[in-house]
Amino acid sequence: TTPTTPTTPTAPAPEMVKDSLGRLVEKPQYGGIFRQGFSTDPLYFDDYYGQGHYCPTLHYTNEDLLGADWAKGPTGSGDASYVHFMVPSPDVRRGVLAESFEMPDPDTFIYHIRKGVHFHNKPPTNGREMNADDVAFSLNRLWESPQSYQSQTCPFESNLVSITAPDKWTVVVKCQPGKAGLVYELTSGYAKTVPREAVEAYGTLRDWKNSVGTGPFMLTDYVSASSCTFERNPNYWGKDPLHPENQLPYVDTIKRMIITDASTMRAALRTSKIDWVENVDWEGALELTQTNPELKYLAYATASPPGIFWRNDSKPFNDIKVRRALAMAIDREALINDYYGGKAENFQWPINPIPEFRDMFVPIEQLPEAAREQFEYNPDKASQLLAEAGYPNGFKTNVICYSAQVELLSIVKAYWENIGVDLEIAPKEYGAYVSMGWNKTYDQIYFSSFSTSLVFRFYRLGMWDKAQNWSMVDDPKITDTYWKVVENYFNDSERRRLTKEISPYILEQCYAIQLPGQYYYNFWQPWVKSYSGERQVGYVLYNAGIWVWIDQNLKNKLTQ
């Protein structure tokens, strides 16, 4: 007989449907396992003990009062990026455990609790319906106990008056005068709801086995330094906003794989052992795009670009001419091309050019000259400004950093040498470095990073967090604007106007130097569908796995 040539199986043509935006898209499928790659273990399984960033399992198992609308992100309308850590703006906000809220006065929230939400069908709740008492209990637990993380960072008596549930479906939060914005943020991302009987039955929720919530997944297994396993909650209340007829979640299982080595992580992605990984640096991304061109990816500039923070309260940096000279002495374009392989963003602070802030962002070319020229390489003018400031031969200075920052600072040192400034790089052990920053025990420069996604907090300018005012800024004009922004926290158009208006002035003062922020990449397999690179959908809510689905036919075809 004549041998036949084996044929490669073909995946059936996908069924197409219209989503809520009227687009023709593939019909989501249920089932499958979504394997995510992460580099660190959970530090906590209960946000009573630590910040929500370090309680990653809670993002799948428990829920907040408010969140963000998936349909407004990249997979939907594109109004939000859902990559950076930030409070959702009112136009993309959605109710989660609270269907809605109102403010009868500037210091009071009335949350209307969603009906039909059930705790996981496991002891001790056994699937009972969640209500306002659960929310009030959870909020009071987090802020009344002196042992809780939240009460230590946001003391009850300084920020709150009371948290009560006057009926089964209403929670009333009364704030101290002027603290409503802070309380709103904390109850929108740092306060997951847990059932009272679980706390009473176990005494603590520190153990992963005591996990119980209302979320789309249930934590069913945890192996330290290996994996967390989540199984689909079959009685989850949530629907897909792009396909409102579909109950979430789509996947049966999420495996959170713990892989500490970056090269091992990339190898796992290349060989289809994992489906998704975040925060790949530009060199790792270059490798993956060359070896596995079928992978999907999203590139985004870090929200924490490196920054040079000099003490504006002492010589020589109390002179604006010195500050501007040092800014102009750095060739940013060369730094981007040579150090970051062209994969970096030059200008991100104080307004980050992402969809959420595009109406506030002023491009470099539209800035006043005094602000614009700081981003232009001009060593001749830099030398002239130093001479005018009384330093014709330059001066000596020093910078506190830690070991991982030395390489980049060495480039800055070389640029400054060209204008006569001798920079001593003084790396410290990381704990000592952090302590010096918080206690302001450095005498010249502190090297750290900007925070570019929390624009209304005026981070690094001594407003929201004075401990991170590393440049020792004390500017009445900025202070006055900040408090106006705080007063208009719930008047989004006004606080955006105020923030945009002050931004060129902040840049003109050159209180610190922002260096280019490198690009990072989220990669995912082509069979991960209804996904566009989202990382954080809400405030402290790293949970994009809720909405994705796995194209099992395509996966089988590509992995055979």
Side-chain angles (χ1 to χ4, degrees), residues 282 301-310 312 316-354 357-358 360-395 397 399 408-423 445 447-450 452 455 460-461 471 473 475 478 500-519:
W282 71 269
T302 175
S304 303
I308 296 172
F309 300 87
W310 38 50
N312 288 261
F317 304 112
N318 59 347
D319 191 324
I320 193 171
K321 290 183 177 180
V322 171
R323 303 196 298 266
R324 288 177 172 169
L326 295 181
M328 285 185 275
I330 298 173
D331 189 342
R332 297 163 186 278
E333 291 302 322
L335 194 59
I336 290 171
N337 292 327
D338 299 338
Y339 189 72
Y340 291 118
K343 308 299 184 183
E345 191 72 41
N346 189 21
F347 173 45
Q348 296 175 266
W349 182 88
I351 305 294
N352 196 325
I354 58 178
F357 305 141
R358 207 160 279 154
M360 296 189 290
F361 178 70
V362 180
I364 288 179
E365 59 272 15
Q366 296 178 21
L367 290 170
E369 181 180 2
R372 186 178 66 250
E373 66 181 0
Q374 296 170 38
F375 295 89
E376 300 168 353
Y377 181 49
N378 192 340
D380 292 336
K381 186 167 184 179
S383 297
Q384 175 190 331
L385 287 172
L386 284 184
E388 293 174 3
Y391 302 97
N393 300 314
F395 56 86
T397 187
V399 58
L408 180 55
L409 281 170
S410 297
I411 299 174
V412 173
K413 174 182 173 68
Y415 279 124
W416 285 358
E417 284 177 349
N418 294 334
I419 60 169
V421 175
D422 182 7
L423 176 67
I445 301 173
F447 192 68
S448 185
S449 63
F450 287 91
T452 67
V455 299
R460 311 301 189 257
L461 294 171
S471 292
V473 177
D475 188 318
I478 296 174
K500 178 179 181 178
E501 188 176 86
I502 194 67
S503 294
Y505 172 81
I506 291 172
L507 290 168
E508 285 179 313
Q509 306 316 303
C510 198
Y511 286 132
I513 291 179
Q514 56 180 299
L515 297 178
Q518 71 166 302
Y519 276 90

| Contact check, side chains of Pro316 and Thr397, non-hydrogen atoms, under 4.5 Å | no
| request: May I ask you to test the Asp475-Ile506 pair for a side-chain heavy-atom distance under 4.5 Å? | output: no
| note | Value for CD1 (Ile308) from CG (Leu408), rounded to nearest 0.5 Å, stands at 7.5 Å
| query | Do the non-hydrogen side-chain atoms of Thr452 and Phe357 ever get within less than 4.5 Å of each other? | reply | no
| Looking only at heavy atoms, which two atoms of Leu326 and Trp416 are closest? And how far apart? | O-NE1, 3.1 Å
| query | Between Phe309 and Ile445, is any pair of side-chain heavy atoms under 4.5 Å apart? | reply | no
| query | Which residue pairs pass the side-chain hydrogen bond (donor to acceptor under 3.5 Å, both in side chains) test when at least one of the two sits in residues 326-336, sequence neighbours left out? | reply | none
| With side chains defined as the heavy atoms from C-beta onward, is the minimum distance between Gln518 and Pro306 less than 4.5 Å? | no
| request: Might you point out which heavy atoms bring Gln509 and Arg323 nearest each other, and give the distance in Å? | output: O-NH2, 2.9 Å
| Rounded to the nearest 0.5 Å, how far apart are CD1 of Ile411 and CD1 of Ile330? | 10.5 Å
| Side chain proximity check, Cys510 to Trp310, heavy atoms < 4.5 angstrom | yes
| message | If I compare all heavy atoms of Phe361 with all of Asn352, which pair ends up nearest, and what's the gap? | response | CD1-C, 4.5 Å
| task | Decide yes or no on side chain to side chain contact (heavy atoms under 4.5 Å, CB included) for Leu515 and Tyr339, but give the supporting numbers first. | result | CA-CA 12 Å; Leu515 297 178; Tyr339 189 72; over 6 Å; no
| request: For the pair Phe450 and Trp349, name the ring-plane relationship: parallel under 30°, tilted 30 to 60°, perpendicular over 60°. | output: tilted
| said: Going by the rule side chain to side chain donor-acceptor pair (under 3.5 Å), which residues pair with Ser448 if we only count those two or more places apart in sequence or in a different chain? | reply: none
| task | Under the side chain to side chain contact (heavy atoms under 4.5 Å, CB included) rule, what do Leu507 and Gln514 come out as? Steps first, then yes or no, please. | result | CA-CA 10 Å; Leu507 290 168; Gln514 56 180 299; 3.7 Å; yes
| Going by heavy atoms in the side chains, are Tyr415 and Val421 under 4.5 Å from each other? | no
| query | Taking all non-hydrogen atoms of both residues, which atom of Ser449 and which atom of Ser304 are closest, and how far apart? | reply | CB-O, 3.6 Å
| Got Pro516 and Ile336 here, is their nearest side-chain heavy-atom distance under 4.5 Å? | yes
